[in-house]
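Structure first, commentary second.
Just so you know, ligand 1 is whichever comes first in the structure, and atom 1 is the first atom listed for that ligand. Computed from a prediction, not measured in an experiment: that's the story for all the values here.
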Amino acid sequence: MPNRPKINLPKLSSKGMQEVVAVDLGTSKIKIIVTGKAGEITKTLITDNPLGYSVPTKATQIEPLANLLRDIFGQNKLPRTNLALAMPERHVSTQVISIPTLTDSELATSISWQAQQYIPIPTEELVLNYQVLYRPEKKDAATTDMRVLLAGIKQDDLNNLTAAYKQASLEPTVLETESIAALRHLPADLTNNASSLIINFGASGVDTIIVSGSELTMAMSHPTGSTMITKALMATFNLTYEKAEEYKMAYGIDTRYGEGKIAQAIVPILQNILGDIRNTITFYNNKNPVSAINKIFLSGGGALMPGFPELLAANLNIEIQPLDIFATLTGEIPENNQLIFGVAGGLTKRKG
Ligand SMILES: Nc1ncnc2c1ncn2[C@@H]1O[C@H](COP(=O)(O)OP(=O)(O)OP(=O)(O)O)[C@@H](O)[C@H]1O
Ligand SMILES: [Mg+2]
């Protein structure tokens with residue numbers, strides 16, 4: 001049974017079963033799930049992020065984010081401690097490396113040198129976490145390599161993000177990467193001789209996460225996201241942002257509406273996204289022909305657009321299904337737009 005990744009970035013303490021506030025701070029929407037002591041959902045929330053960024057990359061962005069968080073937590077009377085946060089994939093370098101098998105202590109002493117070769121963040125700015133995904137048994141002489149998951153982020157990104165929460169008098173205890181959170185929704189019965197792709201379609205980009213069996217092998221982010229679709233509708237039909245969002249959500253690429261003109265304006269952007277997805281699949285399948293991708297799971301608000309799953313199905317010839325985010329969760333489960341809770345739901349399912 002491969003290890004499911006459970007990486008802390010950085011290692012923050014975790015306090016066992018108690019109320020948890022999972023926060024997925026997206027560039028467009030902030031999604032929050034509160035769970036009680038028994039893990040049951042007591043509240044879910046989707047609210048706008050008017051700032052357009054999710055991680056302050058400049059010091060001047062810390063205070064506006066702190067103010068926004070203070071307002072949201074205050075207005076909704078949310079608990080202020082034990083927050084679980086996710087680092088957006090575009091701010092993370094996720095790599096799975098195969099290296100000759102080492103003991104834990106050998107790995108600990110060589111990991112920062114290993115990271116320099118694989119993570120494109122200079123050592124002095126790097127916050128690194130790692131986890132052994134697979135270590136061959138001693139008796140198994142045929143395989144000599146172990147697999148290690150590396151997740152690196154920039155120290156400044158981490159400092160700025162935690163500073164914003166601190167300024168808002170909030171106490172995060174867990175930070176992990178979005179891909180690791182999303183992975184928890186995969187069905188338990190995935191077999192080792194095939195791979196799956198999770199597509200997290202957000203406002204500012206699309207993340208592609210590949211798992212072989214249930215072990216993470218690749219996570220990448222691509223810069224074309226759902227906001228580009230909104231902008232295309234604004235430009236084509238001279239709409240406000242709000243109206244364009246409404247059109248996108250109501251009609252998407254369903255050609256029965258607006259004489260097909262809405263779909264026409266959206267399709268070029270989806271072609272871009274489709275190109276990114278296709279390239280990812282081809283790249284992976286060429287390197288791993290014996291465990292090619294045979295399933296796609298959808299997540300993220302962008303994937304809710306009418307016609308999107310059908311477009312993927314028509315172009316990729318791979319089985320496509322939504323991630324079942326709430327299958328094993330209890331309590332106040334949202335009835336609509338469940339896919340938008342992929343990351344927050346994954347944070348909620350984290351154990352320990
Ligand atoms: N029902 C819907 N139909 C179509 N699009 C939708 C729907 N609901 C949300 N969206 C779009 O999905 C995006 C928000 O999704 P999500 O919350 O996953 O993104 P985000 O986390 O804010 O973005 P990112 O992760 O890129 O920072 C917005 O662009 C929004 O317009
Ligand atoms: Mg997101």
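For atom 28 (C) of ligand 1, the nearest protein heavy atom (residue, atom name, distance) is Ser28 OG, 3.6 Å. Protein heavy atom closest to atom 10 (N) of ligand 1, with residue, atom name and distance, is Gly301 O, 3.4 Å. For atom 29 (O) of ligand 1, the closest non-hydrogen atom on the protein side is Lys248 NZ, 3.2 Å. The protein non-hydrogen atom at the shortest distance from atom 23 (O) of ligand 1 is Ala203 N, 2.9 Å. Here the heavy atom of the protein found nearest to atom 25 (O) of ligand 1 is Arg90 NH2, 3.9 Å.
No hydrogens or angles considered: nothing links the side chains of Ser28 and Asn49 as a donor-acceptor pair under 3.5 Å. A donor-acceptor contact closer than 3.5 angstrom links the side chains of His222 and Thr208. Counted by atom type alone, Ser195 and Tyr284 present one or more donor-acceptor pairs between their side chains at under 3.5 Å. For the residue pair Thr330 and Glu40, no side-chain donor N or O sits within less than 3.5 Å of a side-chain acceptor on the partner. Using modelled atom types and a 3.5 Å distance limit, the side chains of Lys248 and Ser226 yield a donor-acceptor pair.
Looking at heavy atoms from C-beta onward, Asp324 lies out of side-chain contact with Phe297 at the 4.5 angstrom threshold.
Those atoms of ligand 1 with a heavy atom of Gly205 less than 4.0 angstrom away are 26 (O). Less than 4.0 angstrom separates some heavy atom of Lys29 from each of these atoms of ligand 1: 14 (C), 17 (O), 22 (O). Near Met305, meaning under 4.0 Å from one of its heavy atoms, ligand 1 places the atoms 3 (N), 4 (C). Every atom of ligand 1 with a heavy atom of Gly300 under 4.0 Å away is listed here by number and element: 18 (O). Remark: ligand 1 atoms within the under-4.0 Å shell around heavy atoms of Ser226 are 11 (C), 29 (O). Shown in contact with Glu245 at under 4.0 Å from a heavy atom are these atoms of ligand 1, numbered in order with element: 30 (C), 31 (O). For ligand 1 and Gly26, the ligand atoms under 4.0 Å from any heavy atom of the residue are 20 (P), 21 (O), 22 (O), 27 (O).
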Run the numbers on Thr177 and Glu89 for side-chain contact (heavy atoms from CB on, under 4.5 Å), then give the verdict. CA-CA 6 Å; Thr177 76; Glu89 210 50 50; 4.0 Å; yes
side-chain contact (heavy atoms from CB on, under 4.5 Å) assessment of Ile62 paired with Gln167: CA-CA 8 Å; Ile62 297 172; Gln167 266 188 37; 3.7 Å; yes
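Contacts of Met228 with ligand 1, taken as heavy-atom pairs under 4.0 Å, are absent altogether. By the criterion of a heavy-atom distance under 4.0 Å, both the backbone and the side chain of Leu304 are placed next to ligand 1.
Below 3.5 Å of separation, one finds an N or O of Ser204 facing an N or O of ligand 1. The shortest N/O to N/O separation between Gly302 and ligand 1 falls below 3.5 Å.
The shell of residues lying under 4.0 angstrom from ligand 1, judged by heavy atoms, includes Lys31. Not a single heavy atom of Ser54 sits under 4.0 Å from any atom of ligand 1.
Without hydrogens or angle criteria, Arg184 side chain to Gly346 main chain gives a donor-acceptor distance under 3.5 Å. For His91 (side chain) and Val55 (main-chain N/O), no donor-acceptor pair under 3.5 Å exists by modelled atom type.
Under the 30°/60° scheme for interplanar angles, the aromatic rings of Phe326 and Phe341 are found to stand perpendicular.
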